[in-house]
Amino acid sequence: MIMEYNKIRVRFAPSPTGHLHIGGARTALFNYLLAKKYNGVFVLRIEDTDELRSSAESMNSIFESLKWLGLDWDEGAMADGREKGDFGPYIQSKREAMGIYKKYVDYLLEKGYAYYCYCTVEELEEMRKKAQLEKRPPRYDGRCRNLSKEKIEQYKKEGRKPVIRFKMPDDGITKWNDLIHGELKFENRLLYDFIMIKASGYPTYNFACVIDDYLMGISHVIRGDDHISNTPLQINLYKAFGWKLPEFAHLSMILGPDGLRLSKRHGATSIGEYKRLGYLPQTLKNYLALLGWSTPDSQQIFEEGELEKKFDLSGCQKNPAVFDTTKLTWMNGEYIRKLSKEKLYELALPYLKEADINLQKAKVNPQDIVAIEQEKYKLLSDVPKLVDFFFKDDIDYDADSVEKVFRKPEVRDILIGLKDLYSNMDGFSEALIEEKTRAFSKEKGYKTSQVFHPLRVSVSGRACGPTLFRMMEYLGKEAVIKRINKSIELINKLF
RNA sequence: GCCCUCAUCGUCUAGAGGCCUAGGACGCUGCCCUUUCAAGGCAGAAAUCAGGGGUUCGAAUCCCCUUGAGGGCGCCA
């Protein structure tokens, strides 16, 4: 059914009242992927009709996160303040200022599809309370639908600022065929006269969204499940104008591990936070795609560009998905392993700097040092703590490792022997160190593990680390001998 | 309270009437590899398909009810 459209036009329409969070990013991603899949257009529209909570900082933060995720938009507002596309402006406050919405409000007013409502917020609050008590739905009761001329004059004299409401049909059914849920229907008598224009003159979401989706030629409205109940309201607006409906697709919600809607108390929620924690954009993109969507063979990892080819609304799930950080983190490890060592180093750099690691201290290219533990990083932020000992003059010895490895009686002699061995070596390459060390073990009658373990702790300060002989090569002969000396002193002191 | 939605391993999911003694992935357990930790390979535990009724020769798949969960009922979006 999607192919009926000449050109798919989808949009992501965030309100700039905070950072881009997981749910928003997933919605943006699905819109983006559908556009790519069908060679359509992905529009970014800013819905800043909440005058109190919208901010330019939030808008820029959203731009930044979207770009970081690689969700480039074809049309819409841009970070530099300009716009691209022929359907602009793409920021609703700008559209309002141009009087775009007013035209449509006037039409509705004139045709009797809309009316002024002079109720105050207090009156509305009271209305809701009363309805609750009487076990009726707490909705606006339509009392201003047919105000007398006198009443209107009176309200005006009182200085009341009216809102404009949409006159919802009293009966009938509003239904649509949701691309994910199938047929969805609502009884019109259960709908209510929603506000289109606030007392401030600003449009509300339900109004501006419809006008703009229409004017921007949006063919598919893909958004969260939480908008299902807004949809019949909006459809009635389309009908009042006599406009063709777009297709609707409502994505399931993303929940926290406790089954509740994802929120701050579940930890990181914004894309920016995940970036800071050391997740890769590829990871988020891949993982988010799998929240509510899958291929028939449950493919997990996607190559670059593959999601754009394989994604489709038909693979979308109706039920909500729990956001699982464990799987996200596993996937990040997968993507870190795919990185070239140059790229890995580049991405790890901010974390190394933050950990105050002095890169000048390295005896070899720091790129090689970072790469030596590549298969172990789950997060970019893991990098400093796994390789820090390469960049220090003086290392600390991990107490548990010392206790477990250094306490053995033969360790002192082994280390002394190794120190002499290395001091007399010409060259200090991985292969050479290994050859000499193995020969040493054999000659002295030790099992290799008896030698390798203490050596590892001696040169790195801990029992777990990179492959031993390459680590030693990167450390350099001088540092290795110095550290062996230090650990011998430590053993003399402790045992 | 009213309206709406949803329901397969702990989690993400495959499944569109017989291929299901329910498949994959994360996580978990064990083994192999191995100088450690990882990575990798192999094996395994893990879902009476929410429960109950139908329909059908046959149901995870279709229908109904119940239950549970989520969403909405704003001059927020």
Side-chain angles (χ1 to χ4, degrees), chain A residues 13-15 17 47-54 117 119-121 124-125 128 131-140 161-165 178 181 184-187 190-192 194-206 208-209 223-232 250 252-253 255 257 259-261 287 290-301 315 317-331 333-334 337 373-378 386 401 405 434 437-438 441 447-453 455-457 460 462-469:
Chain A
S15 68
T17 54
E47 306 211 327
D48 58 345
T49 54
D50 185 337
E51 309 107 297
L52 274 90
R53 288 188 284 175
S54 295
C117 167
C119 294
T120 61
V121 285
L124 293 171
E125 185 51 37
R128 272 190 284 272
Q132 293 270 29
L133 282 174
E134 292 168 9
K135 311 212 169 195
R136 285 182 289 112
R139 293 181 280 106
Y140 177 67
K161 281 241 186 303
V163 299
I164 300 173
R165 289 185 183 269
D178 194 274
H181 293 269
L184 256 23
K185 52 180 162 184
F186 289 77
E187 285 186 62
L190 267 8
L191 272 20
Y192 67 105
F194 68 90
I195 293 175
M196 305 183 333
I197 302 294
K198 309 176 199 179
S200 64
Y202 251 56
T204 60
Y205 160 74
N206 275 315
C209 172
R223 69 216 326 187
D225 245 356
D226 48 343
H227 285 295
I228 285 184
S229 46
N230 283 324
T231 308
H250 288 95
S252 60
M253 298 277 88
L255 311 175
L260 262 35
R261 204 195 185 137
Y287 182 73
L290 257 22
L291 276 189
W293 173 79
S294 60
T295 58
D297 62 350
S298 279
Q299 183 177 346
Q300 301 295 313
I301 302 287
Q317 194 83 7
K318 294 182 197 171
N319 43 314
V322 173
F323 189 84
D324 179 13
T325 314
T326 307
K327 185 164 179 181
L328 207 222
T329 305
W330 159 75
M331 196 176 274
E334 292 283 316
R337 267 169 250 133
E373 292 282 64
Q374 184 158 5
E375 73 273 17
K376 255 176 250 179
Y377 308 129
K378 297 252 186 251
L386 289 180
S401 304
V405 178
E434 175 159 11
T437 308
R438 283 187 188 279
S441 308
K447 284 190 284 184
T448 51
S449 59
Q450 268 178 298
V451 175
F452 293 174
H453 292 325
L455 179 54
R456 169 181 297 287
V457 177
S460 71
R462 48 223 197 198
C464 306
T467 183
L468 183 58
F469 305 108

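Just so you know, these numbers come straight off a predicted model, no measurement behind them. In what follows, every chain begins at residue 1, and chains take the letters A, B, ... in the order their sequences are listed.
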Inset, instruction - State whether Lys198(A) places a side-chain N or O below 4.0 Å from either non-bridging phosphate oxygen (OP1 or OP2) of C76(B). - result: yes
Legend entry - C63(B) to C73(B) separation - P atoms, rounded to the nearest Å: 29 Å
Inset, instruction - Tell me what Leu260(A) touches on the nucleic acid: a base, only sugar-phosphate, or nothing, going by heavy atoms under 4.0 Å. - result: sugar-phosphate
Inset, instruction - Determine the contact category for Cys119(A): base if any of its heavy atoms lies under 4.0 Å from a base atom, sugar-phosphate if only primed atoms, P, OP1 or OP2 are that close, otherwise nothing. - result: base
Inset, instruction - Quick one: label Glu334(A) by what it contacts on the DNA or RNA (base, sugar-phosphate, nothing), any heavy atom closer than 4.0 Å. - result: sugar-phosphate
Inset, instruction - Please work out if His227(A) contacts a base, only the sugar-phosphate, or nothing of the nucleic acid, heavy-atom cut-off 4.0 Å. - result: base
Inset, instruction - Please name the pair of heavy atoms, one in Ala199(A) and one in Val163(A), separated by the smallest distance, quoted to 0.1 Å. - result: N-CG1, 3.5 Å
Inset, instruction - Assign Arg128(A) to base, sugar-phosphate, or nothing according to its heavy-atom contacts below 4.0 angstrom with the strands shown. - result: sugar-phosphate
Distances under 3.5 Å between nitrogen or oxygen atoms of protein and nucleotides 43-49 of chain B:
none

Inset, instruction - Determine the contact category for Val163(A): base if any of its heavy atoms lies under 4.0 Å from a base atom, sugar-phosphate if only primed atoms, P, OP1 or OP2 are that close, otherwise nothing. - result: base
Legend entry - Quiz item: cation-pi between Arg165(A) and Tyr140(A), 6.0 Å / 45°: yes
Legend entry - Sugar-phosphate, base or nothing in reach of Phe194(A), heavy atoms under 4.0 Å: nothing
Show me the protein contacts with nucleotides 34-36 of chain B, counting only N or O atoms at under 3.5 Å.
residue: U35(B); atom: OP1; partner: Arg438(A); partner atom: NH2; Å: 3.3
residue: U35(B); atom: O2'; partner: His453(A); partner atom: ND1; Å: 3.4
residue: U35(B); atom: O2; partner: Arg456(A); partner atom: NH2; Å: 2.6
residue: U35(B); atom: N3; partner: Leu468(A); partner atom: N; Å: 3.4
residue: U35(B); atom: O4; partner: Thr467(A); partner atom: OG1; Å: 2.7
residue: U36(B); atom: O2'; partner: Ala463(A); partner atom: O; Å: 3.2
residue: U36(B); atom: O2; partner: Gly465(A); partner atom: N; Å: 2.7
residue: U36(B); atom: O2; partner: Gly465(A); partner atom: O; Å: 3.2
residue: U36(B); atom: N3; partner: Arg456(A); partner atom: NH2; Å: 3.2
residue: U36(B); atom: N3; partner: Gly465(A); partner atom: O; Å: 2.7

Legend entry - Nearest listed nucleotide, side chain of Lys318(A), among C6(B), G24(B), C2(B): C6(B)
